[in-house]
Number of protein chains: 2
Amino acid sequence: MAEQPETDRRVRKTKQRLNEALNALMVEKGYDKVTVQDIINRADVGRSTFYAHYETKDNLLMSKIEHLKEDMHLALGDAPALTGPVIRCLPLFSHLSENHLIFKSMIGSHGIAKVSELVHAGLLQHVTEILERRSVEGDRHEVPVDVRAGFLTGSLLALAQWWLDRDMPYSPEQMDEMFQALTASA
Amino acid sequence: MAEQPETDRRVRKTKQRLNEALNALMVEKGYDKVTVQDIINRADVGRSTFYAHYETKDNLLMSKIEHLKEDMHLALGDAPALTGPVIRCLPLFSHLSENHLIFKSMIGSHGIAKVSELVHAGLLQHVTEILERRSVEGDRHEVPVDVRAGFLTGSLLALAQWWLDRDMPYSPEQMDEMFQALTASA
DNA sequence: TACGTTACTGAACACTGTGTTCTGTAACAG
DNA sequence: CTGTTACAGAACACAGTGTTCAGTAACGTA
C-alpha cells in the first residue's frame, strides 16, 4: 500500500501502468503466457523503460505482491495464540476470495512457485513458532513439531488451492470450520 | 515397463538415449533448465531426430513417467479398504525415497506441474472412491466427502514434498505412521 | 520562469532457444 | 539383395529476451 514517496511523477505513472497491464493480462491469459512484449504493448511503454525499472517479468510480479507477507502477518495476528486453533485461516480464505481472479491466473504457472514459496515460508515460520511455544508449555504430541508444522502449513495451502480450483464451492467461514475439524488431531 | 515391441532397433536405441540424457540432465541442473539442445547434445542425436519422436521436452518427460499411474494403482491396491487408514501411503513414501533424485529435480519446475497433476488426479479419485463407499456404509462425518478427499490428497502430497525438500529426515515407515496420526480426525 | 537533471521513446542489435524442412547416407527387416 | 525407414546435419524462420544509445520531453527546484 504505502509506497515510498517516489518523487518523480513519471516514474509513478509508468510503474502503475506496468502493474495494471500485468494484472489485466494475467487474468486474460494466465501469468505464464504473458510476455514482456505483451506488457509493454498494453502499458504503452517503451521497451527500455520496462528494463529500467524491473529486471524481469517475475521481478514485476514480486514487487506487486511484496506487501503480501506484511498483510499476512497482520491477518494472522502477531501474538501467536496459546490456546484454540493453531491457524486462524479465515483471513486467508477471505483474502483469496476477494482476489481470486489474480490467484487463479497464477495457478499452475511458474510465477506462483515464487509467490507460494514466499507465503509458504512465512506461514510455516508462524506455525512453527506457535507449536514450539505450546510444546514448552507442556502440550505433548506424538508427532514432532517440525512434521506437524509442515503438515499444517502444507495442508492449509493445499486445501486453499483445492478450493480455488473448484471456484470456491463453500464460503470462507465454512472452509475455516472444516479445516479446524480436519486438523483436530494435529 | 512393457513397451510395445518397437520393431526397429534404431528407434529403440534413440528413444533410450534421449531418456537417459534427460534423466542425467534433470539430476544435474533441474528439469526447467534443461533445453532440447542439451538433450540432443548429451544423447548425441540429430535435432530433427528428436522432433521426429517427441513434440516437445514435456512430451519426452510424459512418456517417461507414463506408467506412473499404473504403478500407483498397484501400490495403493485396487480394492479400497473399508476399514483402517484411508490411504496406505507407505508405498508412496518408499517410491519417492527410491527415486528421490529425479523427483527433487522436478521440484519447483514447470514439469512437475503436469506430473503432479497426474498423480494428484489419480490419488484424488482413489480417495474419493473410498470415502464415498464408506459414507454409504454408514460412516458419518461432519465434513463433506469432497472436502475430505481434497484435504487428504492435498495434505499427503504436501507432506511428501516437505519431506523431499528436507532430504527425507524420517524413514518412510515413520512418515506413514505420522500421516495417519495427523489425519486421524479426517 | 529558467535551469540542470532525470525519465522516456524508439530503433537497432546480439543472443538463446524453438520447431521445420531438406538432402544424402546408413541401418534395418524380410 | 532390395525396398523401406530412420538418422545426421545444416539451413532456415521465428519468438522472446535483454542491452545500448541518441534524441526528446517532463520533471523538481531555485
Side-chain angles (χ1 to χ4, degrees), chain A residues 3-26 28-64 105-106 108-114, chain B residues 3-26 28-64 105-106 108-114:
Chain A
E3 300 280 325
Q4 66 258 43
E6 199 82 80
T7 73
D8 203 316
R9 192 180 308 150
R10 291 170 294 180
V11 176
R12 259 175 296 156
K13 277 190 184 170
T14 300
K15 287 194 173 181
Q16 188 192 334
R17 277 194 300 190
L18 288 173
N19 267 284
E20 286 173 358
L22 177 57
N23 235 300
L25 288 164
M26 277 172 72
E28 272 177 37
K29 51 199 304 207
Y31 179 77
D32 263 10
K33 296 191 176 170
V34 177
T35 68
V36 174
Q37 198 64 53
D38 291 334
I39 300 173
I40 64 184
N41 286 346
R42 175 70 63 104
D44 196 26
V45 154
R47 184 166 195 72
S48 48
T49 307
F50 178 93
Y51 287 106
H53 293 295
Y54 304 101
E55 289 182 7
T56 63
K57 187 184 66 162
D58 291 344
N59 217 300
L60 172 57
L61 178 64
M62 285 305 129
S63 79
K64 177 198 286 295
S105 79
M106 291 194 289
S109 80
H110 190 274
I112 190 110
K114 309 281 179 190
Chain B
E3 299 282 326
Q4 66 258 44
E6 200 82 80
T7 71
D8 202 317
R9 193 181 306 151
R10 291 168 296 179
V11 176
R12 258 175 298 158
K13 277 190 183 171
T14 299
K15 288 193 173 182
Q16 188 192 335
R17 277 195 300 190
L18 287 173
N19 267 285
E20 285 173 0
L22 177 57
N23 235 302
L25 288 164
M26 277 172 71
E28 272 177 36
K29 53 198 308 207
Y31 179 77
D32 263 10
K33 296 192 176 170
V34 177
T35 68
V36 174
Q37 198 66 53
D38 290 335
I39 300 173
I40 63 184
N41 285 347
R42 175 71 62 104
D44 196 25
V45 154
R47 184 166 194 71
S48 49
T49 306
F50 178 93
Y51 286 106
H53 291 295
Y54 304 101
E55 288 181 7
T56 64
K57 188 184 67 163
D58 291 344
N59 217 301
L60 172 57
L61 178 63
M62 285 306 129
S63 78
K64 177 198 286 294
S105 78
M106 291 195 287
S109 80
H110 190 272
I112 189 112
K114 308 281 179 190

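Keep in mind the model is a prediction, meaning the values are calculated, not measured. Chain identifiers are assigned alphabetically (A, B, ...) following the order of the sequence lines, protein sequences preceding nucleic acid strands; residue numbering begins at 1 within each chain. Values below: all heavy atoms of this structure, side chains included; hydrogens, waters and symmetry mates excluded.
One atom, CD of B:Gln37, and another, P of D:dA11, lie 14 Å apart when rounded to the nearest Å. The nearest whole Å value for the distance from the CD1 atom in B:Ile39 to the P atom in C:dT16 is 18 Å. For the pair A:Ile40 CD1 and C:dG10 C1', the interatomic distance rounds to 10 Å; values are reported in whole Å. A straight line from CG of A:Asn41 to P of C:dA11 spans 12 Å, rounded to a whole angstrom. At whole-Å resolution of the value, CZ in A:Phe50 and C1' in C:dC8 are 15 Å apart. A straight line from CG of B:Asp32 to C1' of C:dT16 spans 16 Å, rounded to a whole angstrom. To the nearest angstrom, P of C:dA7 lies 13 Å from CZ of A:Arg12. Regarding A:Gln16, its CD atom lies at a distance of 13 Å from the P atom of C:dC8, rounded to whole Å.
Considering only side-chain atoms of B:Thr49, the nucleotide from C:dT20, C:dG17, D:dA8 that sits closest is D:dA8. If you check C:dT18, C:dC8, D:dC7 against the side chain of B:Tyr51, the one that comes closest is C:dT18. Candidate nucleotides C:dA29, C:dC8, D:dA6 were compared by shortest atom distance to the side chain of B:Val11, and D:dA6 ranks first. Distances from the side chain of B:Arg17 to the nucleotides C:dG19, C:dC28, D:dA8 place D:dA8 closest. Side-chain atoms of A:Arg47 lie closest to D:dT17 of the nucleotides D:dG28, D:dC7, D:dT17. Taking only side-chain atoms of B:Asp8, from C-beta outward, the nucleotide of D:dC27, C:dC28, D:dA8 with the closest atom is C:dC28.
Taking 4.0 angstrom as the limit, B:His53 places a side-chain polar atom (N or O) nearer than this to OP1 or OP2 of D:dC7.
Checking B:Thr56 against A:Ser48, the closest nucleotide of DNA chain C that is more toward the 5' end is the one next to A:Ser48. Checking B:Arg10 against B:Val36, the closest nucleotide of DNA chain C that is more toward the 5' end is the one next to B:Val36.
Using a cutoff of 4.0 Å between basic side-chain nitrogens and carboxylate oxygens, A:Glu20 and A:Lys64 are not scored as salt-bridged. Of the charged side-chain nitrogens involved, none lies within less than 4.0 Å of a carboxylate oxygen, so that A:Lys33 and A:Asp38 do not count as a salt-bridged pair.
In this structure, A:Lys57 forms a cation-pi arrangement with A:Tyr31, its terminal cationic atom sitting closer than 6.0 Å to the ring centre and no more than 45° off the ring axis.
At least one donor-acceptor pair closer than 3.5 Å links the side chain of A:Thr14 to the backbone N or O of A:Arg10.
Within a 6.0 Å sphere centred on NZ of B:Lys29, other residues, nucleotides and ligands contribute more than 12 heavy atoms.
Using a 4.0 Å heavy-atom cutoff across all strands shown, B:Asp38 reaches no nucleic acid atom at all.
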